[in-house]
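Note that these values count all heavy atoms, side chains included, but never hydrogens, waters or copies made by symmetry. Residue numbering restarts at 1 for every chain, and letters A, B, ... go by the order of the sequence lines.
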Amino acid sequence: MLLDVKGLRKSYPGGDGPVPVLRGVDLSVRGGETLALTGESGSGKSTFLHLVAGLDRADAGSIWLDGEEVADLDDRGRARLRRGTVGIVFQQFNLIPSLDVAGNIAFQARLAGRDDPGRVADLAARLGLEDQMAKYPEDLSGGQQQRVAIARVLAARPKLVLADEPTGNLDEATAERVMEVMTALVAETGAALLVVTHSERLAAGLSRRVHLARGVVS
Amino acid sequence: MRRQIARALWSHWRRAPLLLFTLVAGLALATALWSGVQAINAEARASYDAAAATLGEGRFDQLVREGGIARADYVALRRAGWQVSPVIEGRLGGVRIVGLDPLTAPGGIGPVAMDESDLAAFLSGDGAVYGAQAALDALPPGPAERVLAPDVAPGTVLTDIAVAAGLLGRDPAVIDRLIVAEVQPRIVPPLDEVAPGLTRRTAQGGADIGRLTDSFHLNLTAFGLLAFAVGIFIVHGAIGLAFEERRPLVRTLRALGAPLSTVVWMMGLELLALALIAGALGLALGFALAGALLPDVAATLRGLYGAEVAGSLSLRPGWALAALGISVGGAALAGASALWRIARMPLLAAGRPRAWARGGARGLALQAVAGALLLAVAGGIVLVGGGLGAGFAALGALLVGGALLLPPLLDRALALGARTARGPVAGWLWADGRQQLPGLSLALMALLLAMAANVGVSTMVGSFRSTFTAFLDQRLFADLYVDAGDGDRGAALEAALAGRATVLPVLIVTGEVSGVPVEIQAARDVPAFAANWRFLSAGPDPWGALASGRGAFVSEQLARRAGLSLGEAVDLPGGALPVVAIHADYGNPAGQVILGEAAFRARFPEVSAERFGLLLDAPEAEIRAALADLGIDDSAITDQAALKAFSLGVFERTFSVTGALNVLTLAVAGFAMLMSLLTLAAMRLPQVAPVWASGLTRVQLGRMELARTALLAGFTALAALPLGLALAWMLLAVVNVAAFGWRLPMMLFPGDWARLFALALLAGALASAWPAWRLARTPPAQLLKVFANER
């Protein structure tokens, strides 16, 4: 099992005391599996993703990722996990504004020690970015930026790709194209894909679907 | 409506208190440094003017004679119709005692408008002494009544001439000088007929000491201006950011019906209010700064120029108004472009803040062109222009040009670094530094100016120190210096020491050459002069020409002012002589002519030597004993080492204030960096969060924040070096020459540069320590907000 989550709980401080967001989530994902995590706004989808990626700490429960308990890792260990094991595609793209497209795509792979200029060029070509390599994020359209974000994650060859509403900022046609490319490329690498989405259409294209409601898997 | 607009505009500051603090603190610091320096200058000048008014030196001609004026001459002059008034003066317990004759002194001399009872007290019994509290306290105990008169020049007391003679233990029949009233009877017999041998010294038209100390005040003023400029960089940055952040608000206000003119007018009013608050704060800070520095300044001026300056500060209304004015002016200067942009913003322009912290390549290119043009202008002024005004214009163009060139240069350097970086983190560090550059450029420009000033001034001071030390070695080559007190005892000294010491008499008269005030001195024909003196330029065998009366030496400042060069004739009393050498005479505001002793005595037979340099051939104890036999005790003898140590001590103290201002300017620049980094910190999160998400820890990001700022500060320090050296060259070769008539050789001090480079890195690291620490401690939840779409 690549990812095994059990009894995951998380709450945030609120005006009238802690607001529970996750109330005991259990979820397992195998290598190569593609999974859609759906749910209403506020159901805790993004929080779940952030906990799995080691971006935040859970209040209770366990997250076993590639044989490691994420909760036991310190800041350094979590950083290592983000560099090598998981890759995250954000809705807001979150590219590094000071680096050009080529630098952005290669960045995480180089951090992980998996720099492969051939793969960067191949990904750029397949995502239609080969003419944009010297441009900076601010010079790209939303669709182009999202393709760079996907290329950045895939260039690092992570075992688990997490995508948080990856097409939420794109029009329908562009969103569809981007998802097609992403799922195809993830499938090639043999990585698992966990996509947080509102889109029924997008969810239908993945191998499994999990619904999160009021902080638990329903 | 106005109230609502004001409330909406003001609400921004509640949400951005740090920015408000930056703006007010920057303006207050700029005002404080500028007005503090101005307060010191104003206090010193007021002291000089008080001295000139008290002693009548500025307004009235004076009659003087070597060795004093006999009362009989005074009486003869008065009887002949000359309106003159006697003065006896001297020092007692460190206080200058000035004795006047209130019945004959011209009106306006002395600060005390005496009524009849004052006059009676002044004249009768043990008399009264008038002075400021500090001077009265310093007087040794005595019977004279002490009357507080704050307007009397610092370190001086006034009293009746007879009381002064009593206090000083002097013969009241020997007068030091006679004050000549401005209005004289139409027909009076010539001075030479009534009292031969008197010299009429014309009124200085201002405080003489004021001119002497000009170099010192010029130095302070330049620093004050520079510190103000550095502060204005902070303010410019803060105002720019504050106005840019409020663009969406302005757009909304206008969309809701607020007239643009009202909005702009109210923003201007808001800026004025902030400037007045900051000005008042700066005034208080400046007053405190001046109060702290003034005792040192007063000690320096006393030691270096003999100028008495009150050690305490008084609040002068003109100075306070000027400080508020400079604060408002500075805010207007810094805010004008931001207000103009708001005024020109179309209603439908994008509401989000323009990329304040971004600069386009075109903007950088334009900045580079403007900077290069200004440097060219500075060069052009140096080549073509002349005078002090041109020198300062060139300095201004050099500094502004250099500051404008910095961001484009840093951008190129960082781009090169990014291209050659190994590893993704290093690559990102360089690229991120480049992206931060527009937001930090104003602070870095401020740092550049502060560091360039530091390099420039330390080079100037170092050059001055080396030259001055060598100059002292050349000039102070005698073993002992003796003040014989009068010409008769001087003659006895020469006779007594014959065969036991080479005696070098100080024979000196003052006069004018080609309209330039000069000291004419004699040099005895001894080999020691030739062995020690170095010339700036000289013809063949200058010492031989001097000894034989075939030529004269002139000082550099006289040569420059009178347009004299080697071989040209210098017009002297008793006939012109060709210039056979030009020598340096640093620090002397008057020109200097050196004649051979025989030539001097032939031209000025009435002058006798009272002071002497001695080159000892016998043991010092024996010489001192011989001098004691003549009534010359140890207090009238100074040895060479003590004199050099004293001169160097005065020199070091002169620049201690400069050093303090140097450190303050650097501190202001460091503050500018800190404030820029803090205001940029909020914008940084979207830039660093993806890097964190990609697998770097927050601590690593914090360290990189430190490294990046140190990198930028290091590059800025490297850029400051050539700018500072150019500044030093201009100070030494252009401003100094225009202001004082002498040029110092420029020397380089790489050790100082290394220290300054380390200081720059430290300033950068210190300024970024807090922002870096905050970044390293940023809760993940805050970083996650960058990514979160929902929760």
Side-chain angles (χ1 to χ4, degrees), chain A residues 10 12-13 19 21 39-47 49-50 53-57 74-88 90-100 103-104 106-113 115 136 138 149 152-153 156 164-165 168-169 196 198, chain B residues 354-355 357-361 411 414-415 417-419 421-439 683-702 704 708 776-791:
Chain A
K10 177 73 181 175
Y12 288 106
V19 180
V21 178
E40 292 173 1
S41 294
S43 60
K45 305 184 297 290
S46 293
T47 300
L49 219 63
H50 293 158
L55 292 169
D56 205 352
R57 284 181 183 276
D74 60 6
D75 252 16
R76 202 179 283 254
R78 286 157 185 268
R80 177 176 47 76
L81 188 83
R82 293 197 297 273
R83 279 200 300 272
T85 309
V86 292
I88 317 160
F90 298 101
Q91 181 182 354
Q92 305 292 346
F93 324 132
N94 293 110
L95 300 179
I96 298 170
S98 52
L99 299 180
D100 60 15
N104 264 286
F107 187 70
Q108 192 167 356
R110 296 174 75 189
L111 278 184
D115 188 18
Y136 283 82
E138 65 190 34
R152 175 174 67 182
V153 165
D164 189 1
E165 305 259 14
N169 275 340
V196 166
H198 279 297
Chain B
R354 257 167 18 107
R358 270 182 203 177
D411 184 70
L414 291 170
R419 270 205 297 279
R422 288 187 178 180
V425 177
W428 173 71
L429 190 69
W430 287 95
D432 185 59
R434 200 175 165 206
Q435 194 189 32
Q436 296 310 302
L437 194 54
M683 300 180 186
R684 292 283 292 144
L685 283 187
Q687 294 160 3
V688 296
V691 183
W692 169 70
S694 297
L696 260 67
T697 64
R698 289 168 296 158
V699 173
Q700 282 175 310
L701 289 175
M704 274 181 239
R708 183 171 49 76
R777 308 262 305 177
T778 305
Q782 206 171 328
L783 285 161
L784 281 173
K785 281 182 188 168
V786 174
F787 310 121
N789 312 316
E790 57 170 310
R791 183 179 287 162

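- One distance of note links CG of L99(A) with CD of Q435(B); it measures 8.5 Å at 0.5 Å rounding.
- Contact annotation for W692(B): both backbone and side-chain heavy atoms come within less than 4.5 Å of a heavy atom of chain A.
- Counting heavy atoms from C-beta outward, R152(A) and P690(B) have side chains that approach closer than 4.5 Å.
- Per-residue heavy-atom pair counts under 4.5 Å with chain A were compared for L696(B), V688(B), V425(B), and the maximum is reached by L696(B).
- Between the side chain of R76(A) and the backbone N or O of T697(B) there is no donor-acceptor pair closer than 3.5 Å.
- Residues S694(B) and L111(A) meet the side-chain proximity criterion, which asks for heavy atoms closer than 4.5 Å.
- Atom CG of residue L95(A) and atom CD of residue Q687(B) lie 12.5 Å apart, to the nearest 0.5 angstrom.
- Contact record, R82(A) with A693(B): CD-O, 3.2 Å, taken as the closest heavy-atom pair.
- With a 4.5 Å cut-off on non-hydrogen atoms, L49(A) does not touch chain B at all.
- Atom CG of D56(A) and atom CG of L783(B) lie 10.0 Å apart (nearest 0.5 Å).
- Between chain B and the options D115(A), I96(A), V153(A), the largest number of non-hydrogen pairs under 4.5 Å is found for I96(A).
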